Trainee: 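Let me begin by handing over the structure; questions about it come next.
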There are 2 protein chains.
Amino acid sequence: MNLKDFKYLVALADTGHFGKAAAKTFVSQPTLSAQLRKLEDYLGVKLVERRPKNVRLTEVGRQIVVRARRMLDESNEIIALARNNTDPYSGKLKIALIPTIGPYLLPRVMKRIRKALPDLGLMLYEYQTEPLLKLLREGDIDVGIMALPAPPDGLLSCELYQEDFTVALPTHHPLTDKTTIKAQDLRGHTLLLLEDGHCLRDQALEVCSRVGVRESEDFRATSLETLRQMVAAGLGITLLPELAVDAGFGSQRGLAVRRFAKPAPARRVGAVWRKSTTRAAAIHELCGIIGQAITAKT
Amino acid sequence: MNLKDFKYLVALADTGHFGKAAAKTFVSQPTLSAQLRKLEDYLGVKLVERRPKNVRLTEVGRQIVVRARRMLDESNEIIALARNNTDPYSGKLKIALIPTIGPYLLPRVMKRIRKALPDLGLMLYEYQTEPLLKLLREGDIDVGIMALPAPPDGLLSCELYQEDFTVALPTHHPLTDKTTIKAQDLRGHTLLLLEDGHCLRDQALEVCSRVGVRESEDFRATSLETLRQMVAAGLGITLLPELAVDAGFGSQRGLAVRRFAKPAPARRVGAVWRKSTTRAAAIHELCGIIGQAITAKT
DNA sequence: CGAAACTGATAGACTGCGTCTATCGGAGCG
DNA sequence: CGCTCCGATAGACGCAGTCTATCAGTTTCG
């Protein structure tokens, strides 16, 4: 049983004439005749009544033509669906960012992306690194944007930019006197950090642990913004990634930011995707745009 | 684009595994692989993402699978539809009878037909000969039951039975004295007939015109029953086909019936259908049953 | 009433597609 | 580092779909 056979049948139903139906379907009349006979044999039912002057559908034939039409409609819809998705830069692209990047990166790049890839439907998600990687591997999302390095198994990645860490201090904190800060300067100060699961927490700890900074024991921020508020309230200091510094959410009152002395500790931010992805073209384009946007603004 | 390809695709969507999908569709793995690739090439879209451990559908792939499933459902429905109609003695059969036969023949045969062809859905209609033949030729009905001969163009027919004409008289009519009547005996009596269009009218006229019976000028009955009532009321005499005599509709009071002397004038009643009909088997069976029923009872 | 026209069926040949078996290449796993 | 699993590739084969040419049965018209 073949889709073409049903095309022939429907054409015959429309024209009531073998020759015209054949012309309509761009085959010879014997072909249509034979194929229709084959279909009738296969179904074990007479579909049309051949009459000297024209052809009339059987009762069963009529019922079957209804279904056949629906089938052909579906097939056309499939073709249309495929045609609309032929453009590799169209369709949905599911992209997840970690919480310490998303809110600060997106405002800087979304406008450019929309302009460069207007047909790309970006679906944005926010997950911490571990669940993000899990969803990525399972195919629930197409791209992850996170701190590199990413585990190499089945994944590819591309660095988008590096961002230095900065030190966020209460306005009247002694360290505000310095224009640049060295890691050792942090010794003895109380460090406020994000809760477990945020990679930024681990990165900050790695910077500070070498010089013996002690972490505030009874506090774990759930987001960078609350962390920022706590620092402004004078409860301690923290490290902020560069992109998060200028984000003008709420007021910056009570908060001072100082850069590290070169070479400043930094993290690499990149995009990660499956080797086997079908959206490589769109992803590469996306990476180019984001990289360009960040380096241009910095 | 082929239905099988979509079967492969759906199987792959279900199993997430080329080998298993191939087994499920009873082909080799390379076959399924090649056909799927062909489908992707044809549509110009990647449908599945081949991953080392299992396979995942593309976004487009998922959308297409939905349609593909619908298509396969339709095709299965078509097969089921055909299977249920494979029995030539099932399905609808549209049968029309002329008014002077239908009400008298049907009560004698319907029970037998239902018993012998329980799956045959009889659709019954009543038309005079001319419109009946028109509908028959156009395929709106499958069989006509009428007085023979039928015009031969594109039609076949089969005699079911012969029925003698009888003379219907008011109870106290002089002709009731005779046990059998000759055509000449009718001379000088007033003949009541059906309105134009009924073939029985023409048949009765043919019997009587040779002997110079005059028809009542201002009266045309619309049905045999009204005709019968008029005769019983003493307004004239008429000819009744044999089958209509014993039909016990209403009372027979005031009505006497006499047979013609042999050879009695008669009409042949038969079934008529298109040469090109697809229901020949059912029709032949039907004719056999009706013929048997009538000859058995007579 | 007979010839022409029209319609669908049949015959026979050819081509290409779908299918198979055998094998490869690559990735993950112990 | 070798084993295993999975999908892709190669090459051969056979049938199914298609074509052209022609037939057979009806209808139509001069």
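In this text the structure is predicted, and so the values were computed from the model without any measurement. So that the names make sense, note that chain A is the first sequence line, chain B the second, and so on, each numbered from 1. Computed from heavy atoms alone, side chains included, the values below leave out hydrogens, waters and symmetry copies.
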Trainee: Does anything in residues 28-40 of chain A reach DNA chain D, meaning a heavy atom under 4.0 Å, and if so which residues?
Mentor: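 Result for residues 28-40 of chain A: A:S28, A:P30, A:T31, A:Q35, A:K38, sorted by number.
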Trainee: For a quick test of reading the model, state the closest non-hydrogen atom pair linking A:T100 to A:P241 and the distance between them.
Mentor: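 Closest approach of A:T100 to A:P241: O-CG, 4.3 Å.
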Trainee: Rounded to whole angstrom units, what separation is found between the CZ atom of B:R56 and the P atom of D:dC6?
Mentor: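 Nearest whole value for this atom pair: 19 Å.
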Trainee: Looking only at side-chain N and O atoms, does A:R267 offer a donor or acceptor that is under 3.5 Å from a partner on A:Q203?
Mentor: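 Note: A:Q203 and A:R267 side chains meet the donor-acceptor criterion.
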Trainee: Are A:K134 and A:E130 within salt-bridge range, i.e. N to O under 4.0 Å?
Mentor: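 Looking at A:E130 together with A:K134, the answer is no, because their closest N to O distance does not fall below 4.0 Å.
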Trainee: Identify whether the distance between the nearest side-chain nitrogen and carboxylate oxygen of A:R70 and A:E74 falls below 4.0 Å.
Mentor: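 Salt bridge: no.
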Trainee: Nearest whole angstrom, please: distance from the P of D:dG17 to the CZ of A:F6.
Mentor: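 Interatomic distance, CZ of A:F6 to P of D:dG17: 13 Å.
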Trainee: Tell me, yes or no, whether the heavy-atom count around A:R268 atom CZ, taken from other residues, nucleotides or ligands under 6.0 Å, exceeds 12.
Mentor: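 It does: A:R268 CZ has more than 12 such atoms within range.
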Trainee: What are the residues of residues 10-18 of chain A, sorted by number, that bring a heavy atom to within less than 4.0 Å of DNA chain D?
Mentor: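 Per residue number, the list is empty: none.
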Trainee: With a cut-off of 3.5 Å and sequence neighbours excluded, list every side-chain donor-acceptor pair involving residues 18-26 of chain B.
Mentor:
unit_1, atom_1, unit_2, atom_2, d
B:K24, NZ, B:D14, OD2, 3.4
B:T25, OG1, B:A21, O, 2.8
B:T25, OG1, B:A22, O, 3.2

Trainee: Sort and list the pairs that fulfil salt bridge (charged side-chain N to carboxylate O under 4.0 Å, His left out) and have at least one residue in residues 140-150 of chain B, not counting sequence neighbours.
Mentor: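 For residues 140-150 of chain B, and leaving out neighbouring residues, the salt bridge (charged side-chain N to carboxylate O under 4.0 Å, His left out) pairs sorted by first residue read A:R56-B:D140, B:D142-B:R274.
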Trainee: Along DNA chain C, 5' to 3', what are the outermost nucleotides having an atom less than 4.0 Å from a heavy atom of chain A?
Mentor: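 Endpoints of the contacted stretch of DNA chain C: C:dT7 to C:dG28.
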Trainee: If each of B:R51 and A:D5 is mapped to the nucleotide of DNA chain D with the nearest heavy atom, which maps nearer the 5' terminus, i.e. the 5' end?
Mentor: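 Of the two residues, B:R51 wins.
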Trainee: Run the salt-bridge test on B:R62 and B:E59 with the 4.0 Å N-O cut-off and return the result as yes or no.
Mentor: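 A salt bridge links B:R62 with B:E59.
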Trainee: Using atom NZ of A:K275 as one end and atom P of D:dG7 as the other, report the distance to the nearest whole Å.
Mentor: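 Atom NZ in A:K275 sits about 17 Å away from atom P in D:dG7.
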Trainee: Show every donor-acceptor pair shorter than 3.5 Å between a side-chain atom in residues 29-36 of chain A and any protein atom, with sequence neighbours excluded, or say none if there are none.
Mentor:
unit_1, atom_1, unit_2, atom_2, d
A:T31, OG1, A:S28, OG, 2.9
A:Q35, NE2, A:D5, OD1, 3.2

Trainee: Count the heavy atoms of every other residue, nucleotide or ligand shown that sit under 6.0 Å from NZ of B:K4, and state whether that count exceeds 12.
Mentor: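 Result for NZ/B:K4: open.
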Trainee: Grab the CG-C1' distance between B:N54 and D:dG7 for me, whole Å please.
Mentor: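 The answer, rounded to whole Å, is 13 Å.
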Trainee: Please report the interatomic distance CD1(B:I290) to SG(B:C158), rounded to the nearest 0.5 Å.
Mentor: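 Output value for this atom pair is 9.0 Å.
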Trainee: Below 4.0 angstrom from OP1 or OP2 of D:dA8, is there any side-chain N or O of B:R50?
Mentor: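 For D:dA8, OP1 or OP2 has a side-chain N or O of B:R50 closer than 4.0 Å.
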Trainee: Whole angstroms only, please: what is the CZ-C1' distance between A:F26 and D:dG17?
Mentor: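 Interatomic distance, CZ of A:F26 to C1' of D:dG17: 18 Å.
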